[in-house]
Each structure stands twice: as structure tokens, then as C-alpha cells.
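Each remark here refers to the structure printed beneath this line.
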Amino acid sequence: QVTLVESGGGLVQAGGSLRLSCAASGRTFSSYGMGWFRQAPGKVREFVASISRSGTATSIANSVVGRFTISRDNAKNTVYLRMNSLKPEDTAVYYCAANLRGGYGSSLSGYDSWGQGTQVTVSS
């Protein structure tokens, strides 16, 4: 298991930007595939973005493509989610997750460790 701690959430107006960070414990961060998911009130948790171990490959959900970018810094054991042009429908708790086998798919079941989440609220 690995401990993940998200930060960077908050309240922002529609059209604004935020950058979420997720810091991971341990010395093998570069061997994990990483993902971001979100869960809005009354809705199921959904995939947002994921990134390969090296950071050279990413996957982005259709609902946020062109607005959100995922990146990672293996030297800092951190994965980021840059969110631009935010919409009220982006309001949710955002979670980062680690796939300890190195995959970076969109399925929740592929991830082994989860952070506690950070709230993002977008006002209209």
C-alpha cells in the first residue's frame, strides 16, 4: 500500500482554474500508474484522468478533455491535475489513486490505494 494525500481543492468561479496535487509516500512512486477520479453528490465515482509510470502516456475522460491535464513529477513523488475552464458540473470530491502494478486504466477496480479526497466547488 501507499499513502496518498491530495491538496489544492477549493472554491472557484466558473471559467477559473485550479491545480490539484497528490503526494505519495514511499520510494517506488515511479513504478505506479496514477489516476484522478471524482465523485459528485449523489453520483458514482468516475474516472477523470490517468498517467503512465513514466508520464509519457495519459488518458483523459471525454467530459474534461481539452480542459484538464494530468502530469507527474517522479522526483517529487507527486501527480498533478491541472483544471482549466472549470464548470459548475465539475463540482465534486477529487481523489487520486495508485495502481501498484503500473497500469493506468480508467476502471476504479484497477487501483489499489486511494487518497482521502479534496473538494472542488465551482460556482456559476
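This chain uses plain numbering: 1 for the first residue, then up along the sequence. Predicted model only: the values in this text are computed from it and were never measured.
- Ring-plane geometry between F68 and Y94 is classed as tilted, the angle between the planes lying from 30 to 60 degrees on a 0 to 90 degree scale.
- Here the closest heavy-atom approach between residue K43 and residue Q39 is recorded as O-NE2, 3.1 Å.
- Counting heavy atoms from C-beta outward, N99 and Y32 have side chains that stay 4.5 Å or more apart.
- Figure legend: R38 and Y95 shown without cation-pi pairing, the cationic atom not lying both under 6.0 angstrom from the six-membered ring centre and within 45 degrees of its axis.
- For S21 against W36, the heavy-atom pair with the smallest separation is O-CH2, 3.8 Å.
- Using a 4.5 Å cut-off on side-chain heavy atoms (C-beta onward), V48 and V64 make contact.
- The side-chain heavy atoms of M83 and D90, taken from C-beta on, include no pair separated by under 4.5 Å.
- Here the OG atom belonging to S71 is positioned 8.5 Å from the CG atom belonging to L81, to the nearest 0.5 angstrom.
- Using modelled atom types, one side-chain atom of T118 and one backbone atom of G9 make a donor-acceptor pair closer than 3.5 Å.
- G16 and V12 get closest at one heavy-atom pair: CA-CG2, 3.8 Å.
- Annotation for N74 and S30: closest pair ND2-CB, 3.5 Å, computed over non-hydrogen atoms.
- Side-chain contact between Y111 and R101 is absent, with no heavy-atom pair separated by less than 4.5 Å.
- L4 and L20 fall within the same hydrophobic cluster, where Ile, Leu, Val, Met, Phe, Trp and Tyr residues are linked whenever their side-chain heavy atoms come under 4.5 Å apart, directly or through other members.
- S50 places a side-chain N or O within 3.5 Å of a backbone atom of Y104 that can act as its donor or acceptor partner.
- What you find for A14 and S124 is that their closest heavy atoms are CB-CA, 4.3 Å.
- R53 places no side-chain N or O within 3.5 Å of a backbone atom of F29 that could act as its donor or acceptor partner.
- Using a 4.5 Å cut-off between side-chain heavy atoms of Ile, Leu, Val, Met, Phe, Trp and Tyr, with links allowed through other members, W114 and V93 fall into the same hydrophobic cluster.
- Considering only heavy atoms from C-beta on, V79 comes within 4.5 Å of I51 through its side chain.
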How far apart are the C-alpha atoms of T78 and D73, what are their side-chain angles, what is the distance that settles it, and do they pass the side-chain hydrogen bond (donor to acceptor under 3.5 Å, both in side chains) test?
CA-CA 5 Å; T78 301; D73 186 336; over 6 Å; no
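- Between the side chain of T91 and the backbone N or O of V122, at least one donor-acceptor pair lies under 3.5 Å.
- Clustering ILVMFWY residues whenever any of their side-chain heavy atoms sit less than 4.5 angstrom apart, transitively, puts L11 in a cluster other than the one holding L18.
- Between atom CD1 of residue I60 and atom OG of residue S106 there is a gap of 11.5 Å, rounded to the nearest 0.5 Å.
- Between the CG atom in N77 and the OG atom in S25 there is a gap of 8.0 Å [rounded to 0.5 Å].
- A donor-acceptor pair under 3.5 Å is formed between the side chain of S113 and the backbone N or O of V2.
- The backbone N or O of C22 lies less than 3.5 Å from no partner atom in the side chain of E6, so there is not a single donor-acceptor pair.
- The ring of F37 has its center closer than 6.0 angstrom to the ring center of F47.
- Of the N and O atoms on the side chains of Q13 and S123, not one donor lies less than 3.5 Å from an acceptor on the other residue.
- Side-chain contact between R67 and V65: absent, with no pair of heavy atoms (C-beta onward) separated by less than 4.5 Å.
- Taking OG of S85 as the start and NZ of K87 as the end, the distance is 8.0 Å to the nearest 0.5 Å.
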